[in-house]
Asker: 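My questions all concern the structure below.
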Amino acid sequence: MRRLKPFLTFGLLMAVFMLSGCSDMVILDPKGPVGEQQKDLIMYSIGFMTFILIVVYALTTFIVYKYRDRKNHKGYDPDNEGSHLLETIWWIIPIIITIALSVPTVKTIYSLEGPPEGTKDQKPLVIHATSVDWKWVFTYPEQDIETVNYLHIPEDRPVLFKLTSADSMASFWIPQLGGQKYAMAGMETELYLQADEQGTYEGRNSNFTGEGFTDHTFDVMAMSDDEFEKWASDAKADAPKLTKEQYDKLMLPGHVKEMTFSSTHMGWVDHADEADYALNARERLGYEPKVPHSKAAKEEKKKREEEMKQEESESHGDSHAH
Amino acid sequence: MAHAETHDPNTPLEYRSEIGRLNILGFWIFLGAEIALFATLFATYMVLTPRIADGPALGELFEVKSLLIQTFLLLTSSFTCGLAVHEMRRHNVKGLITWMVVTLGLGLGFLYFEIQEFLHFIHEGANIGTSAAWSGFFVLVGTHGAHVTFGIFWVTMVLIQVAKRGLTPATSAKVFITSLYWHFLDVVWIFIFTAVYLMGMVMHHG
Amino acid sequence: MKWDEFFVTGDPLIYGADVSILLTMVGILFYLTKYNKWKWLWDEWLTTVDHKKLGIMYIVSAVLMLFRGGVDALLMRTQLAVPDAKFLDSQHYNEIFTTHGTIMIIFMAMPFLIGLINVVVPLQIGARDVAYPYLNAVSFWTFFIGAMLFNISFVIGGSPAAGWTSYMPLASNELSPGPGQNYYLLGLQIAGIGTLLTGINFLVTILKMRAPGMTLFRMPMFTWSSLVTMVIIIFAFPILTVALALMTFDRLFGSHFFTLQGEGMDMLWANLFWLWGHPEVYIVILPAFGMFSEIISTFSRKTLFGYKAMIWSMLLIAGYSFLVWVHHFFTMGSGAAVNSVFSITTMAIGIPTGVKIFNWLFTMYRGKIQFTTPMLWSIGFIVNFVIGGVTGVMLAMAAADYQYHNTYFLVSHFHYVLIAGTVFACFAGLIYWYPKMFGYKLNERIGKWVFWIFTIGFNVCFMPQYFLGLDGMPRRVYTYSEESGWGPLNMVSTIGGFMMGIAFLVLVYNMYYSFRYAKRETTGDAWDGRTLEWSTPSAMPPFYNFAKIPEVTGLDHFWRQKQAGKVEKLTAKDIKPIHMPSNSGVPFIMASFFFVAGFGMVFDWMWMAIIGLIGVFGTLFYRSFEYDDGYYVSVEEVIETEKISK
């Protein structure tokens with residue numbers, strides 16, 4: 001037992017040490033009602049889990065210490081093979097804990113299906129988010145504008161994201177605003193989020209989508225309603241129109257910089273209905289998928305990286321609409 | 001390994017050796033796994049049925065005549081297979097082989113009409129790559145057909161062994177196991193008949 | 001196909017691997033030839049149908065795979081140790097985490113457990129072999145060939161890179177071209193055949209081959225857990241077979257099950273995969289539970305607490321394991337009702353699992369606990385597994401899972417369950433039954449070092465990952481930025497990973513050390529055990545296991561006999577001729593044909609696939625015509641082997 005002790009203390013110390021830094025962790029530092037509800041649920045469950053850990057560790061320590069093999073061993077009972085009372089207790093307690101956890105879980109699951117309680121009278125802002133390897137296309141149907149790889153949203157107003165994908169299965173996630181949902185080709189899923197504070201938040205695809213997955217990210221800027229309206233109307237007035245050719249080019253796998261357009265792709269394709277649009281576009285553009293280890297693939301990768309660099313140096317300093 | 005042989009005349013021949021008993025039990029369990037396999041294929045097929053893309057609907061191409069012939073052949077083969085095992089229990093090697101050969105003939109007939117049907121579908125523009133629905137159809141029905149094909153080879157091998165060695169606890173257990181396999185394929189066909197063909201035609205025409 | 005696509009080129013790590021593989025192979029060939037070992041290899045190992053030898057081969061393969069999967073893990077941890085590292089590029093990293101996951105689950109955890117089951121279960125139930133010894137060899141060789149096929153991918157053709165879950169459409173031809181993904185499909189498919197056959201084989205073995213008097217409720221807990229596991233295998237593996245076959249059709253024959261074109265349905269793959277995948281988790285955890293039950297009871301010198309409750313909770317877990325698969329994708333948007341139901345079923349699995357934890361604790365209560373290495377691993381299991389368990393319940397709460405999903409929180413959770421559960425059990429079981437397999441114990445002092453380095457390393461590695469997850473670090477990213485702030489915890493985690501690597505090396509050293517220096521066991525009862533495997537007179541049971549089949553009168557029969565001082569002594573008149581199955585080279589040859597077929601399909605060379613398949617069916621039919629009824633071991637030979645004085 002003396003040998004077990006440092007191990008137990010070590011584990012506990014480490015847990016305490018790390019929990020103390022919790023308030024900095026993005027999931028436990030939400031900036032909107034959705035993330036807030038999830039954080040509350042998480043903290044509630046951590047309470048129960050701590051209780052369970054303490055019970056099990058206390059019992060383990062006591063039993064292992066007391067009944068270790070030693071001289072003058074007491075209480076040895078080799079045929080002690082069960083106890084109805086004890087066994088009933090430890091069937092019932094987990095059942096109670098499960099019920100105690102189920103009730104708020106189910107409540108939260110249902111509540112997250114709709115807009116947040118406090119703002120459910122407001123008309124939500126609808127944004128279509130489409131994942132394409134490895135970028136995000138955001139469509140604002142009411143404002144009739146489209147952005148790539150960044151989002152502007154008004155604060156204190158629910159945003160209804162309609163998610164889909166042009167190719168691989170992605171997951172749309174803005175950790176500080178709330179939990180994620182999958183974006184899938186040939187499907188549309190819905191997710192309500194809301195920001196209560198102005199600021200820039202990181203958003204990303206969290207579901208593995210291949211080579212460019214790590215940088216499959218976007219920025220979310222939450223701003224006041226007026227600022228948002230101004231940004232949207234500026235974009236509508238100043239940004240270029242999105243052409244079909246340009247959109248097809250976006251369908252090629254790769255990364256692009258942030259972009260703004262004063263029209264949307266919804267006129268000619270909805271990926272929720274047409275799952276193979278991106279593949280057809282790639283074919284039209286003469287793109288062929290390459291075996292990752294072939295020379296052709298390595299050359300293509302090099303070319304793509306150079307293009308990215310060039311684009312970056314070209315766009316250096318000239319900021320887009322936001 | 002226990003090698004006890006039972007000589008109680010009421011015990012069917014195939015159950016008289018320990019190995020025979022174990023093999024038969026193991027094969028029943030294998031059929032349990034086969035049920036899981038076909039259940040997965042059926043579930044897949046059901047989910048994909050509405051997804052016909054630009055291809056024809058499933059029920060559109062099904063033909064009652066070919067379906068009834070296939071069903072008749074396979075159901076009858078299951079019956080003749082039962083008769084063969086009955087003859088085996090009466091130690092009638094000739095009867096066993098005769099009925100099993102009839103069973104094989106019916107099985108071959110079934111396969112002939114199934115292949116004809118598949119060729120017909122392909123001719124009409126529905127192959128495995130036409131749509132998710134047709135992929136589901138060809139793989140589900142095709143897996144059953146592949147099982148029948150394997151069964152024909154297998155039964156043939158076992159019959160050769162019976163002809164060479166006569167009815168022993170070992171050969172009779174093999175015959176019995178192949179008969180279980182054959183009946184199982186018949187049962188699967190009944191589900192295919194209902195879930196694929198009948199429902200397909202009802203959905204399309206009804 | 002061009003040569004630059006056939007051999008993986010351009011990466012110094014891979015060249016290094018090429019050279020070491022070549023050297024190892026040359027070394028083995030040289031050794032076998034120089035010491036004239038070819039015949040020995042063929043007669044004693046490649047053609048054996050002895051469950052103990054097959055078990056040992058399973059375990060040796062699993063340890064090799066643990067090495068391979070562990071190297072993968074350390075490469076990943078090296079890449080992630082600091083922000084913006086350039087050690088691996090994205091493609092290479094993706095391949096490594098894919099092979100790490102697949103190898104650890106399919107080619108390490110399962111064969112390790114199946115190996116121990118092979119060695120132990122027939123002995124525990126007092127049988128001379130399994131129900132189908134020949135089939136057992138087929139199981140092993142198909143597993144082994146499947147594993148080899150999967151493993152050569154990183155030097156020939158390139159490894160799969162779509163994750164061990166291989167979600168569609170990412171894993172389709174259009175998004176993952178080339179042979180990599182085919183290796184995954186074929187390797188798993190071939191190994192899966194072996195697993196299904198193992199399931200049937202051991203279910204029948206346990207149901208039908210038990211010694212007289214051993215009723216179901218007198219079976220040792222490890223045998224019980226194996227029985228339940230086999231039932232899960234029989235119903236879960238066909239689902240994997242179908243799912244893999246459908247994806248193979250999509251990739252090789254143009255069907256549209258899960259593709260973007262033809263209205264294929266990517267969600268269907270996720271459902272089928274996890275319909276198998278979740279039961280699979282219990283396939284690798286229930287035997288672990290069984291082993292801990294044996295070990296804790298043995299070293300507490302006490303009968304298992306709540307034997308029947310243990311069995312019922314296991315059956316409950318097995319049933320539930322098929323009812324929770326949706327919790328792997330709560331974020332798919334199946335709706336509130338579905339997510340609620342699966343949240344509750346998932347949390348409910350915690351109930352029987354919790355019951356088991358308390359039963360283990362109370363097995364130690366009023367015991368006389370000896371801190372042998374297997375016992376340390378078992379106590380370590382309880383302490384660490386609980387952390388994995390409670391975080392599992394947290395993940396089961398769907399609304400919260402929307403935040404944990406795809407993050408390091410999840411990664412940490414399943415490593416806490418699979419390492420503290422399965423890997424600890426593999427180590428504990430290996431050490432516990434080592435004298436049964438090799439006739440001597442592993443050194444206890446070195447073993448304790450392994451335990452402490454590994455367990456501390458394990459916590460240092462994975463505890464920080466919970467916090468990385470809460471800080472929003474997604475899994476499967478190959479690097480991260482300095483600003484993310486994830487650097488320090490990742491560095492800690494990497495240090496822990498390397499500690500586990502060191503512990504593994506010490507374990508291997510311990511095998512060598514003990515082989516050279518350990519005291520050889522003189523009796524079959526190395527640990528003062530409770531169950532029948534310890535009742536054989538010699539340390540390593542002879543190939544027929546028991547000269548006389550024991551008659552069982554109760555639970556822990558052997559222990560109770562010892563307590564009563566009534567251990568039976570064999571006498572010459574007890575001995576009767578023993579019937580045993582003959583060796584066969586067919587399973588090995590059949591598996592080799594599987595390799596040819598699989599390799600052909602991986603590269604879409606159908607001529608080769610067809611040759612391989614003809615070979616497979618050929619060997620199958622050849623076997624059907626082979627009437628080999630085995631042979632009898634004569635009374636004289638048994639008497640001589642057992643060293644009975646006349």
Side-chain angles (χ1 to χ4, degrees), chain A residues 11 14 18 25-28 38 41-42 45 49 52 56 59-60 63 67-69 73 75-82 87 90-91 94-95 98 101-102 105-106 108-110 112-113 168-169 171 175 179-182 185 189 206-211 214 275-276 279 289 291-295, chain C residues 4-5 8 90-91 158 163 167 169-170 174-175 177-178 260-261 266 301-303 305-306 309 331-333 336 339-340 343-344 347-348 350-351 354-355 358 361 364-370 379 382 386 390 394 397-400 402-403 405-406 459 463 467 470-472 474 476-479:
Chain A
M14 206 147 119
M18 285 176 177
M25 306 194 160
V26 292
I27 286 168
L28 304 180
Q38 287 165 330
L41 190 63
I42 290 171
S45 67
M49 299 312 145
I52 295 172
V56 173
L59 257 177
T60 312
I63 291 174
Y67 295 102
R68 70 192 190 281
D69 192 12
H73 190 77
Y76 178 51
D77 181 7
D79 293 323
N80 171 294
E81 59 178 18
E87 290 189 60
W90 60 63
W91 276 101
I95 291 176
T98 303
L101 292 172
S102 295
T105 301
V106 172
T108 317
I109 292 173
Y110 274 89
L112 293 181
E113 293 288 303
S168 37
M169 194 186 278
S171 188
Q180 61 202 291
K181 201 164 256 182
Y182 283 172
T189 43
S206 71
N207 205 50
F208 180 61
T209 46
E211 204 187 330
T214 301
D276 54 359
L279 291 189
V291 178
H293 286 282
S294 63
K295 276 206 184 95
Chain C
D4 67 293
E5 289 178 21
V8 177
S90 167
Q91 174 66 24
Y167 271 21
L170 174 63
E174 290 76 19
L175 305 184
L260 290 165
Q261 314 96 317
D266 49 5
R301 337 297 309 151
K302 207 172 143 263
T303 191
F305 197 90
T331 50
M332 199 177 260
N339 280 359
S340 298
S343 270
I344 294 170
M347 279 189 258
I351 300 168
V355 167
F358 283 107
L361 283 177
M364 294 190 283
Y365 174 76
R366 312 206 69 167
K368 215 191 279 183
I369 304 171
Q370 297 169 328
I379 298 171
I382 294 179
V386 173
V390 293
M394 289 169 73
M397 302 162 73
Y402 303 158
Q403 285 283 35
H405 187 63
N406 275 334
N459 278 283
M463 187 54 79
F467 298 91
L470 292 177
D471 205 17
R476 294 175 167 177
V477 289
Y478 83 102
T479 189

Asker: Which bit of C:L361 is near chain A, if near means a heavy-atom gap under 4.5 Å: side chain, backbone, both or neither?
Answerer: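 Backbone plus side chain of C:L361, per the 4.5 Å heavy-atom cut-off to chain A.
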
Asker: How many angstroms lie between CD in C:Q403 and CD1 in A:I27, if you round to the nearest 0.5 Å?
Answerer: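 That separation rounds to 4.5 Å.
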
Asker: A:Y76 versus C:K368: any side-chain heavy-atom pair under 4.5 Å?
Answerer: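 Yes. Closest side-chain heavy atoms under 4.5 Å.
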
Asker: Can you say whether A:E81 sits under 4.5 Å from chain C via the side chain, the backbone, both, or neither, judging by heavy atoms?
Answerer: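 Both backbone and side chain.
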
Asker: Treating A:Q180 as the side-chain partner and C:T331 as the backbone partner, does any N or O pair qualify as donor plus acceptor under 3.5 Å?
Answerer: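 No; judged by distance alone, with no hydrogens or angles, the pair does not exist.
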
Asker: Let's test your reading of the structure: which of C:G350, C:S343, C:G306, C:G178 forms the most heavy-atom pairs below 4.5 Å with chain A?
Answerer: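 Option with the greatest count: C:G306.
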
Asker: Indicate the ring-plane relationship of C:Y167 and A:Y182, choosing parallel, tilted or perpendicular according to the 30° and 60° boundaries.
Answerer: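 C:Y167 and A:Y182: perpendicular rings.
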
Asker: Heavy-atom distance under 4.5 Å between the side chains of A:V106 and C:I344, does that happen here?
Answerer: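 Touching, per the 4.5 Å side-chain cut-off.
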
Asker: Are any non-hydrogen side-chain atoms of C:F305 and A:E87 less than 4.5 angstrom apart?
Answerer: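 Contact flag for C:F305/A:E87 side chains = yes.
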
Asker: Search all heavy atoms of A:T105 against all heavy atoms of C:A399 and return the closest pair with its distance.
Answerer: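 Taking A:T105 first and C:A399 second, the nearest heavy atoms are O-CB, 4.3 Å.
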
Asker: Which residue out of A:D276, A:D79, A:T214 racks up the most heavy-atom pairs below 4.5 Å with chain C?
Answerer: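 Of A:D276, A:D79, A:T214, A:T214 has the most heavy-atom pairs under 4.5 Å with chain C.
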
Asker: Looking at side-chain heavy atoms only, is the closest gap between A:L59 and C:Y365 below 4.5 Å?
Answerer: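 The answer is no; the side chains never approach within 4.5 Å.
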
Asker: Please state whether the side chain, the backbone, both or neither of C:T303 comes within less than 4.5 Å of a heavy atom of chain A.
Answerer: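 For C:T303, the contact with chain A is made by backbone and side chain together.
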
Asker: Taking all heavy atoms of A:L28 and all of C:L470, pick out the closest pair and write down the distance.
Answerer: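 Distance-wise, the nearest heavy atoms are CD1-CD1, 4.3 Å.
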
Asker: Name the option with the most non-hydrogen atom pairs under 4.5 Å to chain A; the candidates are C:G333, C:P474, C:G354, C:S340.
Answerer: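 Answer, by heavy-atom pair count under 4.5 Å with chain A: C:S340.
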
Asker: Looking at A:G210, A:G179, A:A185, which one has more heavy-atom pairs under 4.5 Å with chain C than the rest?
Answerer: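 Option with the greatest count: A:G179.
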
Asker: Could you have a look at C:G158, C:S90, C:P177 and say which one has the most heavy-atom pairs with chain A under 4.5 angstrom?
Answerer: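 Answer, by heavy-atom pair count under 4.5 Å with chain A: C:P177.
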
Asker: I need the residue from A:T108, A:T189, A:T98 with the largest number of non-hydrogen atom pairs under 4.5 Å to chain C.
Answerer: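 Of A:T108, A:T189, A:T98, A:T98 has the most heavy-atom pairs under 4.5 Å with chain C.
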
Asker: Might you point out which heavy atoms bring A:Y67 and C:M364 nearest each other, and give the distance in Å?
Answerer: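 Shortest heavy-atom contact: CB-O, 3.7 Å.
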
Asker: Drop me the distance from C:H405's NE2 to A:N207's CG, to the nearest 0.5 angstrom.
Answerer: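 Atom-to-atom, C:H405:NE2 and A:N207:CG are 5.5 Å apart.
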
Asker: Any donor and acceptor pair, going by atom type alone, linking the side chain of A:D69 with main-chain N or O of C:I369 inside 3.5 Å?
Answerer: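 No: the side chain of A:D69 does not pair with the backbone of C:I369.
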
Asker: Which heavy atom of C:A336 sits nearest a heavy atom of A:E113, and at what distance?
Answerer: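 Result for this residue pair: CB-CG, 3.6 Å.
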
Asker: So which of A:S206, A:S171, A:P94, A:P175 has the biggest tally of heavy-atom pairs under 4.5 Å with chain C?
Answerer: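 Answer, by heavy-atom pair count under 4.5 Å with chain C: A:S206.
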
Asker: In Å and rounded to the nearest 0.5 Å, what is the CG to CE distance from C:L260 to A:M169?
Answerer: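 One finds 10.0 Å between CG of C:L260 and CE of A:M169.
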
Asker: If you tally heavy-atom pairs under 4.5 Å against chain C, which of A:I95, A:L279, A:V56, A:I52 wins?
Answerer: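 Heavy-atom pairs under 4.5 Å are most numerous for A:L279.
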
Asker: Name the member of C:E174, C:K302, C:R301 that forms the most heavy-atom pairs with chain A at distances under 4.5 Å.
Answerer: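 When all of C:E174, C:K302, C:R301 are compared, C:K302 has the most.
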
Asker: So which of C:P169, C:G367, C:A348, C:G163 has the largest heavy-atom pair count under 4.5 angstrom toward chain A?
Answerer: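 Among the listed options, the one with the most contacts to chain A is C:G367.
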
